[in-house]
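Structure record follows, encoded as structure tokens.
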Amino acid sequence: MLNRRAFVRRSAAGAAVLLLPQATARAAVLREGRFRQGVLSGDPTPDGVTLLTLLDDAEGRGSVRLEVATDSAFRKVVATRSITTSVAKGYSVKARIKGLKAHERYYYRFETKTSHSPIGRFQTALPADSNEPVRFGFFSCADYTHGYYNAYDLLEREDLDFVVCLGDYIYAESYHAKGKTGVRDDKIGKANRDNPSIVREAVSLADYRAKYALYRSDKLLRDLHAKFPMVATWDDHEVQDNYAGHAPRGGLDASKHYTAARKAAGYKAFLEAMPFLQTGRSRIYRALRFGKNVDLVMLDQRQYRDDQPCGDATVPPCPGFDAPRDYLGRSQLDWAKRRLASSGAAWKVIGNQAMMMNAELPGGNYYGFDSWQGYVTEREELLAHLKSAGVKDVVFVTGDIHTFIAGDVRTQKSRGESVALEFVGGSITSQSFGETDLPIGGGQVLKGNDANPNTAPAVIEALRAVNPWVDQADFDHHGYGLVKATGKTFDVTLKRVQTIKRRSTATLPSTGFRYTVARGQTSIKGVNGPPAS
């Protein structure tokens, strides 16, 4: 990299502008520190991006140098800066670069006095008037212990503009142990004897910070970050399973040992470790435009929600389950409605943590109430708005449920008209329905097999029969979704890996899991599954 004098000279002359999350005083460049977590970029716009690294083994307060160039040899540097960090920030080194050229490839790296980071690359977003296709991948749910990150390996090899993380990037809890249902151990945090299904769980800020370092000890995740910008949101496991951010005690039983301090620690660690700059103290819902073809609306379905109804159990809807309760909360819901109604993009893509389609079981049971089906008032308000405002070509890309599902988003508790489509992208590694015993209510379970998931086709057919809005599903495998959006079509492939129990790049055939959606199309029933009845 540059010597100090040349570094300062170029910093003053660079064409790009670097915006810090807050003004910082001049600080000496840190001598110590290692870049074991790699480098990250995120939230690309036509003229900017957020860049991030986190230092390990650093001491004291000081600065880290950042350099951005148009070539991988860094002969054409466009921005340099010293960014101040400290233990109070978890040695997070983050900044927003602006003044870049639209849809251009850039390279970046960080440096202390004694070490330098890997080189990362990113591509800025398409300009507002561009008709070029937009290519991205979407994924969620990457339990470190349960399997190898084969899906990240494959995703890194795709031809993409960016990737979208729909939550559960880390798991505060470790559910699996090596030699049992796990392939590796996560020993961060402490055991909770009141919750024996969890091996250990994060409870302190140090624990949550250590989680990000542990997950990024996997080279496949670091390589993914170094290659593509990420647009990320959180779900529950960044704090604690099934917590409700606006409910007393998180809406959890006392045995879960939830505290406000625990939530604050999870939020702080996430905001330090992920590549975007929130607006306000912890607002993470936002939207990003990619040319004429994609408006990406990222939601936050955890921070503002009230407690789930019906004890979030697998039971029929209980009395009052459809009473008004916050899911997005009024401010976010109104913002989302305005953004969708005003968008001129060909495709309005909603980054959605939990499923919008209902998930019902034989006998009238709902598969829990943690998703949109437990928050009926807001669900129906949003979908009615799409219809009344004439908002067309809306697609939900979804995580959370560890299952591949594709289908129609219908009004009236899924009994009405289809006004949007939904694609659920499985999980990177987190336990699928076919890998565990699935409760279906009344004390009955569908038996799973962690070592060899193999859900019978008849089970899929039976569940599809009581969820007629679903076109296709895979309960057994892991992976991610791929999108190519043009002015005419929205192409989706649900990419399924063969296994997570050993390192492999083998995939399953895409037959039955590919969709080409035309503008104006509001149903995919019958594309790969049975037609609408």
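These numbers come from a predicted model, not from an experiment. Throughout, numbering of the chain's residues begins at 1 and tracks the sequence.
Salt bridge absent: R302 and E238 never bring a charged side-chain N and a carboxylate O closer than 4.0 Å. Taking the charged nitrogens against the carboxylate oxygens, R325 and D307 have no contact shorter than 4.0 Å, which rules out a salt bridge. At a threshold of 4.0 Å, the pair D153-R157 counts as salt-bridged, since one of the basic side-chain nitrogens sits closer than that to a carboxylate oxygen. Salt-bridge formation is detected for the pair D370/R305: a Lys NZ or Arg NE/NH1/NH2 atom is positioned less than 4.0 Å from an Asp or Glu carboxylate oxygen. One finds a salt bridge joining R36 and D57 here, because a Lys/Arg side-chain nitrogen approaches an Asp/Glu carboxylate oxygen to under 4.0 Å. With respect to E435 and K501, no salt bridge is recorded, no charged nitrogen being found less than 4.0 Å from a carboxylate O. Salt-bridge formation is detected for the pair D218/R184: a Lys NZ or Arg NE/NH1/NH2 atom is positioned less than 4.0 Å from an Asp or Glu carboxylate oxygen.
D43 CG to T50 OG1: the interatomic distance, rounded to the nearest 0.5 Å, is 5.5 Å. Note that CE of M298 is 11.5 Å distant from CD1 of I350, once rounded to the nearest 0.5 Å. In this structure, CZ on R379 lies 8.5 Å from CD on Q373, to the nearest 0.5 angstrom. For the atom pair Y258 OH and Q240 CD, the distance stands at 8.0 Å (nearest 0.5 Å). The structure places CZ of R61 at 5.0 Å from OG1 of T84, a figure rounded to the nearest 0.5 Å. Taking CD of Q303 as the reference point, atom CD1 of I284 lies at 7.0 Å (rounded to 0.5 Å).
Within a 6.0 Å sphere centred on CZ of R339, other residues, nucleotides and ligands contribute more than 12 heavy atoms. Under a cut-off of 6.0 angstrom, the local environment of CZ in R105 is crowded, with over 12 non-hydrogen atoms contributed by other residues, nucleotides or ligands.
Heavy atoms only, all atoms of each residue included: F404 and G426 are closest at CD2-N, 3.6 Å. Minimum interatomic distance between W335 and L299 (heavy atoms only, all atoms of both residues): CZ3-CD2, 4.3 Å.
Side-chain atoms of S504 and Q498 form no donor-acceptor pair, as typed in the model, at a separation below 3.5 Å. For S174 and D186, the side-chain atoms include no donor-acceptor pair closer than 3.5 Å. No hydrogens or angles considered: nothing links the side chains of E173 and N195 as a donor-acceptor pair under 3.5 Å. For S430 and Y171, the side-chain atoms include at least one donor-acceptor pair closer than 3.5 Å. Between H237 and D143, the side chains place no donor N or O within less than 3.5 Å of an acceptor N or O (distance only, hydrogens not considered). D168 and Q353 share no donor-acceptor pair across their side chains, judged by distance under 3.5 Å alone. Counted by atom type alone, T45 and R96 present one or more donor-acceptor pairs between their side chains at under 3.5 Å. Side chains of T429 and H146: a donor-acceptor N/O pair is absent below 3.5 angstrom, by distance only. In the model, Y91 has no side-chain atom that pairs as donor or acceptor with a side-chain atom of Q37 under 3.5 Å.
Checked by atom type and distance alone, the side chain of S63 pairs as donor or acceptor with a backbone atom of A27 at under 3.5 Å. A distance-only check finds a donor-acceptor pair linking the side chain of D161 to the backbone of R135 [under 3.5 Å]. Of the possible donor and acceptor atoms, none in the side chain of D326 sits under 3.5 Å from a partner among the backbone N and O of L328. A donor-acceptor pair under 3.5 Å links the side-chain atoms of N192 to the main chain of S255, judged by distance alone. For the pair H402 (side chain) and S427 (backbone), a donor-acceptor distance under 3.5 Å is absent. A distance-only check finds a donor-acceptor pair linking the side chain of D312 to the backbone of F369 [under 3.5 Å]. With hydrogens and angles disregarded, no donor-acceptor distance shorter than 3.5 Å links the side chain of D400 to the backbone of S140. Listed for the Q332 side chain is a donor-acceptor partner under 3.5 Å among the backbone atoms of D300. Judged purely by atom type and a 3.5 angstrom limit, R496 has no side-chain atom pairing as donor or acceptor with the backbone of G479. Of the possible polar contacts, one joining the R222 side chain to the R216 backbone as a donor-acceptor pair under 3.5 Å is found.
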For this session: Run the numbers on R34 and T114 for side chain to side chain contact (heavy atoms under 4.5 Å, CB included), then give the verdict.
Result: CA-CA 9 Å; R34 298 291 181 266; T114 58; 3.7 Å; yes

For this session: List the steps, then state whether side chain to side chain contact (heavy atoms under 4.5 Å, CB included) holds for F433 with I401.
Result: CA-CA 9 Å; F433 286 178; I401 200 169; 3.6 Å; yes

Exercise. For V297 and K348, what are the C-alpha separation, side-chain angles and deciding distance, and is it a side chain to side chain contact (heavy atoms under 4.5 Å, CB included)?
Worked result: CA-CA 7 Å; V297 179; K348 278 65 72 177; 5.8 Å; no

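For an aromatic pair to be called close, the ring centres must be under 6.0 Å apart, and Y375 with H246 fails this. Aromatic ring centres of Y215 and Y152: separated by at least 6.0 Å. Taking the six-membered ring for Trp and the full ring otherwise, F136 and F290 have centroids separated by 6.0 Å or more.
Taking the six-membered ring where tryptophan is involved, the planes of W234 and Y267 are essentially parallel, since the angle between them stays under 30° and well short of 60°.
Each of K227, E104, H103 was compared with Q123 under the side chain to side chain donor-acceptor pair (under 3.5 Å) criterion, and only H103 meets it.
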